[in-house]
**Student:** 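Supplied in structure tokens, the structure appears directly below.
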Amino acid sequence: MDGAAVALVTGAARGIGAATTRRLASAGWRVVAVDIGDAPDAAPYPLATREQLSTVAAEFPGAVVDVVADVRDADALRRAVATAEDEFGRLDAAVACAAVMAGGTPLWEATDAEWSALFDTGVAGVANLARAAVPALLRSPHGRFVALASSAAHHGLWHLAGYNAAKHAVVGLIKGLAADLRGTGVCATAVSPGSTRTDLLAETARLYDLESMEEFASHQLHERLLDPDEVAAVVAFLCSAESSAITGSVVHADGGFQP
């Protein structure tokens, strides 16, 4: 209620979502941190827990409110947006970080469950957040919608065709959303990280039968994995009023990724 900017972040319990929540809250934002909280049907590997989400929120008492919600559930995201407005009086930025990894085989061997997991969370979840959040963002003096794409949105990666397709879809969704927001002052952007030290990358390493996610570092000009906070710094800038020149675009926060 003190005029601080307010954000809603999905996938906020760990990885880039948690780093974004921490970076925004440290900069004085109020944040509604959203994650799925123990839903074994959402991905072929364990997702973030309720306890992990609560731990992130507990670092910023009074500034971060944790909400358990599944991005596949549009009504749950509408309630999360209502929580932002009820608790903090407004919503200035919505950040779609929630995504899952699936694959490890050629496309023609991929299962329906893998395809559904990728698109239900990673694409429909972004659209659900936009549909829930944009009406509130239109009431902000500088509304921002940011979605996490991936370097996989710009390259074909071996045995990850479904993930490639889902992240390409996120970029297309952002471009269409930005066009729909023409003239409103609300910006819609995507961020494409490279290989970042997250649980999702650990799952990718498992699918490739690698001993360690560190083996992905050789695909980046930095010759190291990115830290989630490095990507969160880009996301936080795109949430700010200073990012007003950027909309309908992708920012490549990828460490110089090369497949």
**Student:** With heavy-atom distances below 4.5 Å as the criterion, would you say the side chains of Ile16 and Val191 are in contact?
**Tutor:**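 No, too far: nothing below the 4.5 Å cut-off.
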**Student:** Nearest 0.5 Å please: distance from the CG atom of Leu225 over to the OG atom of Ser212.
**Tutor:**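 Output value for this atom pair is 7.5 Å.
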**Student:** Going by the rule side chain to side chain contact (heavy atoms under 4.5 Å, CB included), which residues pair with Ala169 if we only count those two or more places apart in sequence or in a different chain?
**Tutor:**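 Partners of Ala169 under the side chain to side chain contact (heavy atoms under 4.5 Å, CB included) test: Phe119, Val123.
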**Student:** Return a table of donor-acceptor pairs under 3.5 angstrom between the side chains of residues 213-221 and protein atoms on other chains or two or more places apart.
**Tutor:**
| unit_1 | atom_1 | unit_2 | atom_2 | d |
| --- | --- | --- | --- | --- |
| Glu214 | OE2 | Arg197 | NH1 | 2.2 |
| Glu215 | OE2 | Glu211 | N | 3.4 |
| Ser218 | OG | Glu215 | O | 3.3 |
| His219 | ND1 | Gln258 | O | 3.2 |
| Gln220 | OE1 | Ser195 | N | 2.4 |
| Gln220 | NE2 | Arg224 | O | 2.9 |

**Student:** How many angstroms lie between atom CZ of Arg144 and atom OG of Ser244, to the nearest 0.5 angstrom?
**Tutor:**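 With rounding to 0.5 Å, CZ (Arg144) is 6.0 Å from OG (Ser244).
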**Student:** Mark yes or no for whether Thr247, through its side chain, and Ala178, through its backbone, hold a donor-acceptor pair below 3.5 Å.
**Tutor:**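 Answer holds: no.
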**Student:** How about Glu223: does its CD atom have over 12 heavy atoms from other parts shown lying under 6.0 Å from it?
**Tutor:**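 Count not over threshold, so no.
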**Student:** Please tabulate, for the side chains in residues 181-189, all donor-acceptor contacts under 3.5 angstrom to protein atoms that are two or more places apart in sequence or on a different chain.
**Tutor:**
| unit_1 | atom_1 | unit_2 | atom_2 | d |
| --- | --- | --- | --- | --- |
| Thr184 | OG1 | Leu181 | O | 2.6 |
| Thr184 | OG1 | Val186 | N | 3.1 |

**Student:** Determine, using the 4.5 Å side-chain heavy-atom cutoff (strictly less than), whether Trp29 and Val234 are members of one ILVMFWY cluster.
**Tutor:**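 The answer is yes; both residues are in one hydrophobic cluster.
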**Student:** Using the test side chain to side chain contact (heavy atoms under 4.5 Å, CB included), find all partners of Val6 that sit at least two apart in sequence or belong to another chain.
**Tutor:**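 Side chain to side chain contact (heavy atoms under 4.5 Å, CB included) check on Val6 returns Arg30, Ala84, Phe88, Arg90, Leu91, Asp92.
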**Student:** Keeping Glu109 on the side-chain end and Pro106 on the backbone end, is there a donor-acceptor pair under 3.5 Å?
**Tutor:**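 Not a single qualifying donor-acceptor pair exists.
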**Student:** Once side chain to side chain contact (heavy atoms under 4.5 Å, CB included) is applied, do any residues pair with Ala232, and if so which ones, sequence neighbours excluded?
**Tutor:**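 Only Ala19, Thr20, Arg23, Asp229 meet the side chain to side chain contact (heavy atoms under 4.5 Å, CB included) criterion with Ala232.
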**Student:** Compare every heavy atom of Ser192 with every heavy atom of Ser151, then report the nearest pair and how far apart it is.
**Tutor:**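 Minimum heavy-atom separation between Ser151 and Ser192: N-CB, 4.0 Å.
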**Student:** Can you tell me how far the CG atom of Leu77 sits from the CG atom of Leu129, to the nearest 0.5 Å?
**Tutor:**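 That separation rounds to 5.5 Å.
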**Student:** Check Ala149 against Val171 and note the closest heavy-atom contact, atom names and distance.
**Tutor:**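 For Ala149 and Val171, the tightest heavy-atom pair comes out as CB-CG2, 3.9 Å.
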**Student:** Compare all side-chain heavy atoms of Thr196 with those of Glu230 and state whether any distance is below 4.5 angstrom.
**Tutor:**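 Not touching, per the 4.5 Å side-chain cut-off.
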**Student:** Could you please spell out the steps behind the side chain to side chain contact (heavy atoms under 4.5 Å, CB included) verdict for Cys97 and Leu148?
**Tutor:** CA-CA 5 Å; Cys97 292; Leu148 266 291; 3.5 Å; yes
**Student:** Where is the tightest heavy-atom contact between Leu24 and Cys239, given as atom of each residue plus distance?
**Tutor:**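 It is CD2-CB, 4.4 Å.
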**Student:** Among residues at least two apart in sequence or on other chains, which ones pass side chain to side chain donor-acceptor pair (under 3.5 Å) with Glu114?
**Tutor:**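 For Glu114, no residue satisfies side chain to side chain donor-acceptor pair (under 3.5 Å) once neighbours in sequence are set aside.
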**Student:** Could you note down all residue pairs passing side chain to side chain donor-acceptor pair (under 3.5 Å) where residues 57-70 supplies at least one of them, sequence neighbours left out?
**Tutor:**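 Counting only pairs at least two positions apart or across chains, the side chain to side chain donor-acceptor pair (under 3.5 Å) contacts touching residues 57-70 are Arg22-Glu59, Arg50-Asp66, Ser54-Asp66, Asp70-Arg72.
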**Student:** With rounding to the nearest 0.5 Å, note down the distance linking CZ in Phe145 to CG in Leu173.
**Tutor:**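 CG of Leu173 is found 7.0 Å from CZ of Phe145.
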**Student:** Taking Arg139 for the side chain and Pro135 for the main chain, is one N or O donor matched with an acceptor at less than 3.5 Å?
**Tutor:**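 Looks like yes, one N/O pair under 3.5 Å.
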**Student:** Is there a donor-acceptor pair under 3.5 Å between the side chain of Asn128 and the backbone N or O of Val71?
**Tutor:**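 Pair found, side chain donor or acceptor close to backbone of Val71.
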**Student:** Mind checking whether Ile36 and Val56 sit in one hydrophobic cluster, side chains of I, L, V, M, F, W, Y counted as touching below 4.5 Å?
**Tutor:**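 Per the 4.5 Å side-chain linkage, Ile36 and Val56 are not co-clustered.
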**Student:** Take Val100 and Asp120, measure what side chain to side chain contact (heavy atoms under 4.5 Å, CB included) needs, and give me the verdict at the end.
**Tutor:** CA-CA 9 Å; Val100 300; Asp120 290 351; over 6 Å; no
**Student:** Rounded at 0.5 Å granularity, tell me how far OG in Ser150 sits from CG in Leu157.
**Tutor:**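 Spacing of OG (Ser150) from CG (Leu157) equals 7.0 Å.
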**Student:** Mind listing the closest non-hydrogen atom pair of Thr21 and Ala12 along with its distance?
**Tutor:**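 Scanning both residues completely, I find the closest heavy atoms to be OG1-CB, 3.5 Å.
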**Student:** Listed by chain and number, what are the side chain to side chain donor-acceptor pair (under 3.5 Å) partners of Asp75, not counting sequence neighbours?
**Tutor:**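 Partners of Asp75 under the side chain to side chain donor-acceptor pair (under 3.5 Å) test: Arg78.
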**Student:** Does Gly37 offer a backbone N or O that forms a donor-acceptor pair with the side chain of Thr49 under 3.5 Å?
**Tutor:**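 No; judged by distance alone, with no hydrogens or angles, the pair does not exist.
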**Student:** Are Phe60 and Val95 connected, step by step, through hydrophobic side chains (Ile, Leu, Val, Met, Phe, Trp, Tyr) whose heavy atoms are closer than 4.5 Å?
**Tutor:**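 Per the 4.5 Å side-chain linkage, Phe60 and Val95 are co-clustered.
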**Student:** Can you see which heavy atom on Ala96 is nearest to which on Val126, and at what distance?
**Tutor:**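 Of all heavy-atom pairs spanning Ala96 and Val126, the closest is CB-CG2, 4.0 Å.
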**Student:** For Ala80, enumerate each residue passing the side chain to side chain contact (heavy atoms under 4.5 Å, CB included) test, keeping only those at least two apart in sequence or located in another chain.
**Tutor:**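 Testing Ala80 for side chain to side chain contact (heavy atoms under 4.5 Å, CB included), a comparison that skips the adjacent residues, returns Leu8, Val34, Val67.
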**Student:** Does the side chain of Leu160 reach to within under 4.5 Å of the side chain of Lys167, using non-hydrogen atoms?
**Tutor:**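 A side-chain contact is absent here, since even the closest heavy-atom pair is not under 4.5 Å.
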**Student:** What pairs of residues pass the ring-ring contact (aromatic ring centres under 6.0 Å, His included) test when at least one of them lies in residues 225-259, not counting sequence neighbours?
**Tutor:**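 Residue pairs passing ring-ring contact (aromatic ring centres under 6.0 Å, His included), neighbours aside: His154-His252, His155-Phe257.
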**Student:** Would you call Val32 and Glu87 a side-chain contact if the rule is heavy atoms closer than 4.5 Å?
**Tutor:**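 They are not in side-chain contact.
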**Student:** Between Leu177 and Leu137, is there shared hydrophobic-cluster membership here, with clusters defined by ILVMFWY side-chain heavy atoms closer than 4.5 Å?
**Tutor:**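 Yes, Leu177 and Leu137 fall within the same hydrophobic cluster.
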**Student:** Report yes or no: does Ser140 contribute a side-chain atom to a donor-acceptor pair with the main-chain N or O of Ala136 at less than 3.5 Å?
**Tutor:**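 No; judged by distance alone, with no hydrogens or angles, the pair does not exist.
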**Student:** To the nearest 0.5 angstrom, please state how far the CG atom of Asp35 sits from the CG atom of Leu47.
**Tutor:**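 Here the rounded value is 7.5 Å.
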**Student:** For residues 156-179, which residue pairs qualify under ring-ring contact (aromatic ring centres under 6.0 Å, His included), counting only residues two or more places apart or in two chains?
**Tutor:**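 As it turns out, the ring-ring contact (aromatic ring centres under 6.0 Å, His included) pairs with a partner in residues 156-179, which skip direct neighbours, are Trp158-Tyr208.
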**Student:** Do Ile174 and Val251 share a hydrophobic cluster (ILVMFWY, side-chain heavy atoms under 4.5 Å, transitive)?
**Tutor:**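 Per the 4.5 Å side-chain linkage, Ile174 and Val251 are not co-clustered.
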**Student:** Can you list everything that forms a side chain to side chain donor-acceptor pair (under 3.5 Å) with Glu242? Sequence neighbours excluded, please.
**Tutor:**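 With sequence neighbours excluded, Glu242 shows a side chain to side chain donor-acceptor pair (under 3.5 Å) to Ser240, given in chain and number order.
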